[in-house]
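Below is one structure, written out as structure tokens, with a few remarks after it.
Ligands are counted one by one from 1 in listed order, and the atoms in each one are counted from 1 as well.
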Amino acid sequence: MATTTLEPRAGTYRRSWVLDWLTTVDHKKIGILYIANSFLFFFAAGILALVIRTELAVPGMQFLDQATYNQAFTMHGTIMLFLFIIPALSGFGNYIVPLQLGAPDMAFPRINALSFWLLPLGGILIFSGYLFGGAAAEGWTGYSPLTSDQYSPGVGTDLWIIGLTLVGMASILGAVNFIATIFKMRAPGMTLFRMPIFVWTVLVTAVLILLATPVLAAGLIALFIDRNYGGSFFDPSVGGNPVLWQHIFWFFGHPEVYIVILPAMGVVSEILPVFSRKPLFGYRAFVFATIAIGLLSFSVWAHHMFTTGSVFLPFFSFMTALIAIPTGIKMFNWLATLWRGKLMLTTPMLFALGFLSMFLIGGISGVMLASPPVDFHVQDTYFVVAHLHYVFFGGSVFGVFAATYYWFPKMFGRKLNEPLGKIHFWIHFIGFNLAFFPMHQLGLDGMPRRISDYSPDAGWNLLNLVSTVGAFMIAVSIVPLLINVIATFINGEPAGDDPWEGNTLEWATTSPPPPHNFDRLPPIHSERPLFFLTHGHGHAAARPADLEENDEDDVERRGGAV
Ligand code: HEM
Ligand SMILES: [Cu+2]
């Protein structure tokens with residue numbers, strides 16, 4: 001296009017790229033900011049994990065004292081969940097959802113920027129406890145009365161409360177934005193039942209956030225009032241009730257585990273069909289299973305409170321077991337998608353398959369824990385630590401890595417190196433299982449969680465050492481990832497628009513997409529618009545000319561949902 005008078009002349013008005021990123025309201029840049037910020041926090045929380053594992057490698061106190069150990073696991077858990085995994089998945093949601101819907105941006109771009117910037121602010125506040133006499137040290141669950149001003153007089157706990165409240169606000173604003181975008185910004189033809197599964201999972205997640213996170217925020221504010229203004233919500237000596245905190249926390253905390261797993265399930269549901277060269281088996285069943293998991297997740301919170309003696313065990317146990325049904329449907333559909341597919345073991349596919357197997361193990365220990373007699377036995381032991389890492393790490397984090405390798409070419413126009421990616425995967429996968437599988441046995445043998453030392457005669461020495469070796473393998477596996485990202489930025493293989501032969505709309509635009517996302521959109525007659533574009537009429541090269549001819553009858557004949 002010829003230069004018009006409206007275009008600034010070179011040199012007169014040129015914003016620096018730093019200012020550009022600081023002030024951006026483009027969902028793609030915000031998505032990248034989210035992801036980059038999440039990985040920084042991941043490294044910080046990962047270093048804390050190594051500190052924890054080093055202390056526990058052998059019996060005896062090596063280099064931490066009890067107080068710093070408590071801070072380490074509290075910060076590790078809090079940062080991993082609230083500043084790594086939730087924001088990382090929101091980041092991919094931010095980048096990908098508008099593209100998959102054929103939309104030019106999120107519904108509220110400025111609110112989008114605000115929800116991002118609240119995150120580093122909240123994270124820094126949470127961490128800054130270390131500078132002011134010690135970070136919060138009550139565990140990521142912040143149980144009363146540990147959080148009372150009597151037991152935790154330092155300002156670290158207040159900073160944790162304020163930081164988490166800001167992070168919660170970020171989440172809530174983000175959820176509103178996703179819901180508005182998904183209901184209001186879809187391209188013509190993109191009906192709800194043609195939306196990619198990833199969008200569905202982001203939608204259900206956003207609803208969960210909207211219902212659950214304000215409850216946590218209210219609880220945190222109540223706790224702040226208790227600590228600083230003589231409130232009595234949770235203090236029994238003045239008529240409060242510490243178990244009330246647990247109800248509030250887990251009414252949020254259980255849906256929260258689905259907030260971090262559903263989008264990862266969505267990622268995997270995008271990747272498996274592409275690299276099996278088959279459609280997702282049972283699209284609608286998948287959508288309804290996602291909604292069912294979302295609904296059920298609000299009826300099971302007290303399975304975290306079996307041993308308090310104040311909840312009705314059969315109800316919460318039964319409801320928890322029920323969740324295995326929609327989850328089982330998903331597992332079945334994923335396997336049926338792979339069945340007789342033309343499997344291509346690319347790095348994103350390896351991480352997606354890793355997700356399936358690791359999440360399955362976490363699901364099985366979850367069903368075990370849903371049974372009160374088992375839970376009475378192993379609660380607050382390393383069995384729970386094993387379970388939660390198989391779900392959060394083997395599930396959600398594997399999903400984040402799968403998404404990273406899958407969508408990196410779209411975001412930066414270059415493909416990550418495959419051999420390096422595979423090295424990353426295998427060291428990661430083996431290290432993960434070495435680190436966390438032995439914890440099941442440690443838990444069954446009675447090793448409590450949240451202890452900084454143990455007796456050399458307890459019989460836990462070998463398994464702890466193995467676990468620490470595994471933790472360091474995980475850390476080592478990050479090295480090829482970092483090399484890969486840097487090398488790809490310098491000299492990566494150009495990706496083209498559609499390097500994986502994807503099915504969904506993000507692959508219909510350039511890599512990276514232009515600021516407004518699409519110059520033209522293909523017709524949308526199914527949940528796989530690109531598949532019908534490329535396969536409906538022969539080959540990809542014919543695309544632009546085919547755009548208008550791809551009529552509904554044609555698609556229906558080929559088995560597409562119209
Ligand atoms: C290098 C990888 C990791 C290692 C070696 C590791 C290790 C550990 C260990 C040993 C504990 C128990 C500490 C104790 O109870 O004394 C722990 C707790 C925890 N971890 Fe990890 N972890 C890793 C990654 C993750 C990830 C990716 C997540 C979540 C996304 C996560 C979430 C948690 C949570 C929520 C707790 C509970 C904290 C608490 O008790 O308050 N961890 N981790
Ligand atoms: Cu739960």
Side-chain angles (χ1 to χ4, degrees), residues 38-39 41-43 45-57 64 66 69-89 136-143 146 160 212 249-261 264 296-306 316 319-320 323 358 362 366 369-370 375 380-401 428 431-432 434-436 438-439 442-443 447-454 464 467-478:
S38 306
F39 271 100
F41 279 109
F42 175 56
F43 297 144
I47 289 169
L48 287 171
L50 295 181
V51 167
I52 293 172
R53 277 313 330 164
T54 309
E55 182 58 60
L56 294 175
L64 295 178
Q66 244 159 42
Y69 184 87
N70 293 349
Q71 295 171 29
F73 71 69
T74 302
M75 286 295 118
H76 164 74
T78 304
I79 299 296
M80 280 293 187
L81 289 174
F82 292 100
L83 285 143
F84 167 50
I85 196 77
I86 300 182
L89 291 163
E138 306 87 20
W140 80 284
T141 50
Y143 276 179
L146 296 177
W160 180 86
F249 184 84
W250 289 114
F251 189 80
F252 153 80
H254 188 83
E256 128 99 14
V257 310
Y258 293 98
I259 289 167
V260 302
I261 202 68
L296 283 173
S297 76
F298 283 100
S299 62
V300 300
W301 77 93
H303 63 206
H304 297 273
M305 304 167 57
F306 283 160
F316 287 103
M319 295 309 285
T320 305
I323 294 194
M358 297 300 96
L369 287 167
D375 183 74
D380 270 346
T381 70
Y382 262 81
F383 190 86
V384 174
V385 179
H387 161 69
L388 72 89
H389 285 88
Y390 268 88
V391 182
F392 284 139
F393 197 163
S396 308
V397 180
F398 273 53
V400 166
F401 282 123
H428 199 95
F432 173 81
L434 281 180
F436 296 108
M439 291 183 185
L442 284 171
M447 178 167 166
R449 68 193 283 197
R450 298 175 175 169
I451 54 166
S452 53
D453 193 13
Y454 49 92
N464 270 302
S467 173
T468 300
V469 171
F472 277 90
M473 270 182 81
I474 298 174
V476 169
S477 80
I478 300 299

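- Within the protein, the N, O or S atoms sitting under 2.8 Å from the Cu ion (ligand 2) are His254 ND1, His303 NE2, His304 NE2.
- Across every non-hydrogen atom of Arg450 and Gly139, the tightest pair is NH2-CA, 3.8 Å.
- Smallest separation of non-hydrogen atoms from Ser452 and Gln66: OG-CG, 3.4 Å.
- Atoms of ligand 1 lying under 4.0 Å from any heavy atom of Tyr382, numbered from 1 in the order shown and given with element: 10 (C), 12 (C), 13 (C), 14 (C), 15 (O), 16 (O).
- At least one side-chain heavy atom of Asn464 sits under 4.5 Å from a side-chain heavy atom of Met447.
- Scanning all heavy atoms of the two residues, the minimum distance from Thr381 to Gly443 falls at OG1-CA, 3.6 Å.
- Contacts between Phe82 and ligand 1, counted as non-hydrogen atom pairs separated by less than 4.0 Å, are absent for every part of the residue.
- Under the 4.0 angstrom criterion for non-hydrogen atoms, Phe436 is in contact with ligand 1.
- Of all protein atoms, those of element N, O or S that lie under 2.8 Å from atom 21 (Fe) of ligand 1 number 2.
- Using a 4.0 angstrom heavy-atom cutoff, Tyr69 counts as in contact with ligand 1.
- Contact of the Val400 side chain with the Leu89 side chain is registered, since non-hydrogen atoms from C-beta on lie closer than 4.5 Å.
- Taking the six-membered ring where tryptophan is involved, the planes of His303 and Phe306 are perpendicular, since the angle between them exceeds 60° and thus also 30°.
- Using a 4.0 Å cutoff on heavy atoms, Leu81 counts as a contact of ligand 1.
- Atoms of ligand 1 lying under 4.0 Å from any heavy atom of Val397, numbered from 1 in the order shown and given with element: 27 (C).
- Using a 4.5 Å heavy-atom cutoff, the side chains of Phe82 and Glu256 are in contact.
- Aromatic pair His428/Phe393: ring centres closer than 6.0 Å.
- Proximity of Tyr382 to Leu56: side-chain heavy atoms (C-beta onward) are separated by under 4.5 Å at one or more points.
- Of all the heavy atoms of Thr78, none lies under 4.0 Å from any atom of ligand 1, so neither backbone nor side chain is involved.
- Interface atoms of ligand 1 facing Arg450, defined by a heavy-atom separation under 4.0 Å, are 14 (C), 15 (O), 16 (O), 39 (C), 40 (O), 41 (O).
- Nearest heavy atoms, Pro255 versus Ala212: CB-CB, 3.9 Å.
- Between Met319 and Ser299, the shortest heavy-atom distance links the atoms CE-OG, 3.3 Å.
- Residues Leu48 and Phe73 form no side-chain contact, since every pair of their non-hydrogen atoms from C-beta on lies 4.5 Å or further apart.
- Each of Trp250, Phe251, Tyr258 was compared with His254 under the ring-ring contact (aromatic ring centres under 6.0 Å, His included) criterion, and only Tyr258 meets it.
- Remark: aromatic rings of Phe316 and Trp301 are close, center separation under 6.0 Å.
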Just do the side-chain contact (heavy atoms from CB on, under 4.5 Å) check on Glu55 and Tyr69 with the steps written out, would you?
CA-CA 8 Å; Glu55 182 58 60; Tyr69 184 87; 4.1 Å; yes
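- Close approach to Gly139 involves these atoms of ligand 1, each under 4.0 Å from a residue heavy atom: 41 (O).
- In the vicinity of Arg449, heavy-atom distances shorter than 4.0 Å reach the ligand 1 atoms 15 (O), 37 (C), 39 (C), 40 (O).
- By the criterion of a heavy-atom distance under 4.0 Å, neither the backbone nor the side chain of Phe398 is placed next to ligand 1.
- Taking a cut-off of under 4.0 Å to the non-hydrogen atoms of Ala471, the atoms of ligand 1 that pass are 5 (C).
- In terms of protein heavy-atom proximity, atom 1 (C) of ligand 1 is closest to Ile474 CG2, 4.0 Å.
- The aromatic rings of Phe401 and Phe42 sit perpendicular, their planes meeting at an angle over 60°, well past the 30° parallel limit.
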